[in-house]
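Below: the structure, in structure tokens.
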Amino acid sequence: MEYRIFESTDELALACADIFTALLKEKPNAVLGLATGASPVKTYKELIRRYKAGEISFAGVTTFNLDEYCDLPKDDKNSYYTFMHENLFDHVDIKEENTHLMDGNAADPEAEAAAFDAMIEQAGGVDIQLLGVGRNGHIGFNEPADHFTEGSFKVKLNDSTIEANSIYFDENPMPRYALTMGIGTIMKAGKIVLIATGKKKAEAIRNAVKGEVTPRCPVSVLQNHPDALLLLDREAASLL
Ligand code: F6R
């Protein structure tokens, strides 16, 4: 597992956008695995800027998102569907039918998750998967557990995640469940790029890089991926 440390989150976002730009130029019909949350926002802004400047196009791109909350209307302001539209999809030339998020309100969540994994396979697999990391080491919503998960599934969010993400929920209570790509799904991506910034991520990053590979710290599994890159600011890298 490789890591790079940046002096600012702006520089980090430019480097991350460069990785996606290179892929889109080489493979206009690339399959992207995308994340929500604070970590990728600046990267998405830079990709939108490059699209508007005529440097890149998403016209042939297919996307699959890591996760989606359960029991939240699709168009709720806090759904990941809304997040992706506001932060990327509505501002570039991607085709709506080529963007995929799991339906957190599906009547049969396990069937929904299995169908999602099948769609990824059908699309030829994810070329680059973008990740953030939770303070507790989660990737997607794979929380610390006794074993690594395989395919996508419905998960009960743990207290640390609920506390971290509650800040976004001022009206409705934060959902307690989500659908997430499994660790096995994430690990199938050709390349993985993870963004971590700020002191609150330092411990997870230390465990990811220097700790043993353990499902108690899910991000540590990236040590087993042949092409995983961590993009860090000084604070997130402060315990390395
Ligand atoms: C988001 C996701 C989560 C976040 C993580 C970090 O789709 O799967 O694993 O990446 O919780 O969140 P931020 O970036 O808000 O610190």
Side-chain angles (χ1 to χ4, degrees), residues 20 23-24 27-37 40 44 58-90 92-132 134 138-143 145 147-158 161 165 174-194 215 218-219 221-222 224-225:
F20 281 94
L23 174 67
L24 295 187
K27 188 177 176 189
N29 63 345
V31 178
L32 309 182
L34 298 179
T36 60
Y44 292 154
F58 292 79
V61 166
T62 299
T63 65
F64 292 93
N65 261 81
L66 275 170
D67 38 23
E68 178 59 285
Y69 289 118
C70 293
D71 311 316
L72 199 63
K74 183 176 173 180
D75 58 359
D76 186 275
K77 72 178 169 67
N78 283 311
S79 76
Y80 286 167
Y81 174 88
T82 299
F83 178 100
M84 287 313 303
H85 280 79
E86 286 179 351
N87 286 282
L88 183 64
F89 299 157
D90 288 353
V92 297
D93 60 345
I94 196 159
K95 298 191 180 84
E96 170 77 17
E97 64 268 28
N98 289 348
T99 66
H100 304 285
L101 285 102
M102 281 178 270
D103 175 3
N105 296 302
D108 184 344
E110 297 309 328
E112 172 70 12
F116 189 75
D117 284 349
M119 249 190 311
I120 295 175
E121 297 270 320
Q122 251 169 35
V126 168
D127 292 302
I128 298 184
Q129 175 66 56
L130 185 58
L131 296 179
H138 75 211
I139 50 175
F141 276 136
N142 291 276
E143 303 284 22
H147 58 272
F148 286 121
T149 58
E150 295 291 333
S152 299
F153 68 107
K154 180 173 178 175
V155 65
K156 187 172 184 352
L157 301 174
N158 78 9
T161 300
N165 289 10
M174 181 173 157
R176 276 5 191 195
Y177 289 88
L179 296 186
T180 181
M181 283 189 194
I183 294 285
T185 312
I186 293 170
M187 290 292 279
K188 281 186 190 160
K191 181 179 182 71
I192 293 180
V193 178
L194 180 145
V219 65
V221 78
L222 299 185
N224 291 342
H225 193 281

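For Glu143 against Leu157, the heavy-atom pair with the smallest separation is OE2-CA, 3.7 Å. When all heavy atoms are compared, the tightest approach of Ile192 to Ile186 is CD1-O, 3.6 Å. Across all non-hydrogen atoms, the minimal contact from Asn105 to Leu72 is ND2-O, 2.8 Å.
Here the side chain of Asp93 pairs a donor or acceptor atom with the backbone of Phe58 at under 3.5 angstrom. The backbone N or O of Tyr80 lies less than 3.5 Å from a partner atom in the side chain of Glu68, making a donor-acceptor pair. Checked by atom type and distance alone, the side chain of Lys156 never pairs as donor or acceptor with a backbone atom of Arg176 at under 3.5 Å. Under a 3.5 Å cut-off, the side chain of Asp75 and the backbone N or O of Thr82 do not form any donor-acceptor pair. In terms of modelled atom types and a separation under 3.5 Å, the side chain of His225 and the main chain of Ala189 share a donor-acceptor contact.
Listed by chain and residue number, nothing satisfies the side chain to side chain donor-acceptor pair (under 3.5 Å) test with Asp67 (two or more places apart in sequence, or in another chain). The side chain to side chain contact (heavy atoms under 4.5 Å, CB included) test applied to Asp90 returns His85, not counting sequence neighbours.
The number of heavy-atom neighbours closer than 6.0 Å to CZ of Phe148, taken from other residues, nucleotides and ligands shown, is above 12. No more than 12 heavy atoms of other residues, nucleotides or ligands shown are found within 6.0 angstrom of NZ on Lys74.
A heavy-atom distance below 4.5 Å is not found between the side chains of Tyr69 and Thr36. Contact of the Leu222 side chain with the Met187 side chain is registered, since non-hydrogen atoms from C-beta on lie closer than 4.5 Å. At a threshold of 4.5 Å between non-hydrogen side-chain atoms, the residues Asn142 and Phe153 count as touching.
Within the structure, the side-chain hydrogen bond (donor to acceptor under 3.5 Å, both in side chains) test picks out the following pairs touching residues 108-121 (sequence neighbours left out): Asp117-Ser152, Asp117-Thr185, Glu121-Lys188.
Ring geometry, Phe116 versus Phe64: the interplanar angle exceeds 60°, so the pair is classed perpendicular (tilted spans 30 to 60°).
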